[in-house]
Amino acid sequence: MTATSPEEQEYRRRTPASARCFEEARRYLPGGDSRSTLFYQPYPALFTRGEGCRVVDLDGNGLLDFTGNHSSLVHGYCHPAIAAAVRRQLEAGTCFPGPTEPQLRLARLLCERVPSIELVRFTNSGTEASLNAIRAARAFTGRRLIAWAKGAYHGTLAETMSPEHPDAIVLPFGDAEAAVRRIEERAGELAAVLVEPVQGSAGMIPASPEYLRRLREVTSRLGILLVFDEVVSFRIAWGGAQEHFGVTPDLTVLGKLIGGGFPLGAFGGRKDVMELFDPSRGSPVIPHPGSYNANPMSLAAGEAALELLTREAIAGLNRNGESLRTRLRETLDESPATARVTGLGSLFAIHPSPADPALRHRIFLGLYCEGILIDPRGVGTLSTVIGAEHMDRLIEALRVVLSRLPAQRPAEPVAH
Ligand SMILES: Cc1ncc(COP(=O)(O)O)c(C=O)c1O
């Protein structure tokens, strides 16, 4: 169905160099790929350059980027302050066989911003940070089972990639009553409940404060650790989504933007839990080695990025996000497409009606051809270098793309 869409024909016409490169990459990489969530048909475009909120693909097409590498680049590409910090670190040395000052500085920044993080450790990705939060919860409670919410993504972890995993159970996302019941049923076995305060990969879907509060209450009551995965949601407030929702987890997982565009993850929280990693009093209960743990390039970039992410910057991002979501809804409502818009703060997503599975893909490719980059899954994020004129361009491009779609039958009303 998508094979012959006008959007795909136009995409192919504009990206022949990407097509050639992708074909060659298939000879060396399975499916030409190392990052499965970014694959899309007919082939993903390759990028060569980014500056501010603009990226250029291999064919020289310039696009306004509303992905920020999937929320990592909260200040856009090559922000001068981040680039300068990275250059300084590059000249000083990219990695060392010991701790560095950038580690101390970023740890201090995170602990100051997020009161629930009493102690923190650095990894190279959000996946590793989730993994280590789970290890911590298992060692602390002496239990093995973890619970995660349907639709969640916590990285490439066996336990949270399959609903059938023997060491994991899946909770409904949104239905607090049912989630609490499910937790109570397995209370004696559960080490941790993992939850994204705003589900990112699932389509920027915020939890309700009530849902998070109920998870907090039941986990405290039953001695289970509550872990917030704030890899995506951290940008919502100065102290992360936990500050916004007013719910305090035991452990927090961070990633993406805290590395300022470089690979970095962090996990932290209660002192009594995090001390299991402490090697200073003999062998740690949980060893956590790693050649590039706390690598100073990522830490230096992350420090610069967090310093730029002031309360004012966050307020501006959130205002823009609110305004963009409203305009996206209005634009979709005026069009033949049936879709809803979700998000919080500077996170947004367009969810085409399930009645038309091809629509998401057509919108994605259509926007690409109009010079706008969003995630193939329909999610997007704003950065501090995106202004009113860029959001105008997105809305205008969406209007053009939607105007080319055939009229649809009316679908059931959808909630925003
Ligand atoms: C909420 C969430 N947690 C964890 C991860 C994993 O982070 P990484 O890709 O750095 O391993 C992601 C990545 O998309 C994510 O969205």
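Counting begins at 1 with the first residue of the sequence. Indexing begins at 1, ligand by ligand and atom by atom, following the structure's order.
- Only the side chain of Asp229 comes within 4.0 Å of ligand 1, judged by heavy-atom distances.
- Taking 4.0 Å as the cut-off between side-chain N and carboxylate O, Glu189 and Arg143 do not count as a salt-bridged pair.
- Salt-bridge check for Arg88 with Glu91: failed, with every basic side-chain N at 4.0 Å or more from each acidic carboxylate O.
- Set against the non-hydrogen atoms of Val232, the atoms of ligand 1 under 4.0 Å away are 16 (O).
- Considering only non-hydrogen protein atoms, atom 5 (C) of ligand 1 sits nearest to Gly155 N, 3.8 Å.
- Listed by number with element, the atoms of ligand 1 under 4.0 Å from a non-hydrogen atom of Gly126 are 6 (C), 7 (O), 8 (P), 10 (O), 11 (O).
- At a threshold of 4.0 Å, the pair Arg221-Glu217 counts as salt-bridged, since one of the basic side-chain nitrogens sits closer than that to a carboxylate oxygen.
- In the vicinity of Thr127, heavy-atom distances shorter than 4.0 Å reach the ligand 1 atoms 6 (C), 7 (O), 8 (P), 11 (O).
- Near Ser125, meaning under 4.0 Å from one of its heavy atoms, ligand 1 places the atoms 10 (O), 11 (O).
- Shortest contact from atom 2 (C) of ligand 1 to any protein heavy atom: Tyr153 O, 3.2 Å.
- Between Glu230 and ligand 1 there is no heavy-atom distance shorter than 4.0 Å.
- Looking at Val231 next to ligand 1, no N or O pair under 3.5 Å apart turns up.
- Within the 4.0 angstrom cut-off, atom 7 (O) of ligand 1 has one or more protein heavy-atom neighbours.
- Distance alone, capped at 3.5 Å, is enough to place a donor-acceptor pair between the Arg235 side chain and the Leu382 backbone.
- Ring pair Trp148/His154 is perpendicular by interplanar angle, where above 60° counts as perpendicular and below 30° as parallel.
- A salt bridge does not link Asp57 with Arg14: none of the charged nitrogens is closer than 4.0 Å to a carboxylate oxygen.
- Residue contact check: Glu196 has heavy atoms under 4.0 Å from atoms 1 (C) of ligand 1.
- Contact check on Asp175 versus Arg182 returns no salt bridge, with no Lys/Arg side-chain nitrogen under 4.0 Å from an Asp/Glu carboxylate oxygen.
- Within the set His154, His70, Arg35, Lys256, the minimum heavy-atom distance to atom 14 (O) of ligand 1 is found for Lys256.
- Taking a cutoff of 4.0 Å between a charged side-chain nitrogen and a carboxylate oxygen, Arg214 and Glu177 qualify as a salt bridge.
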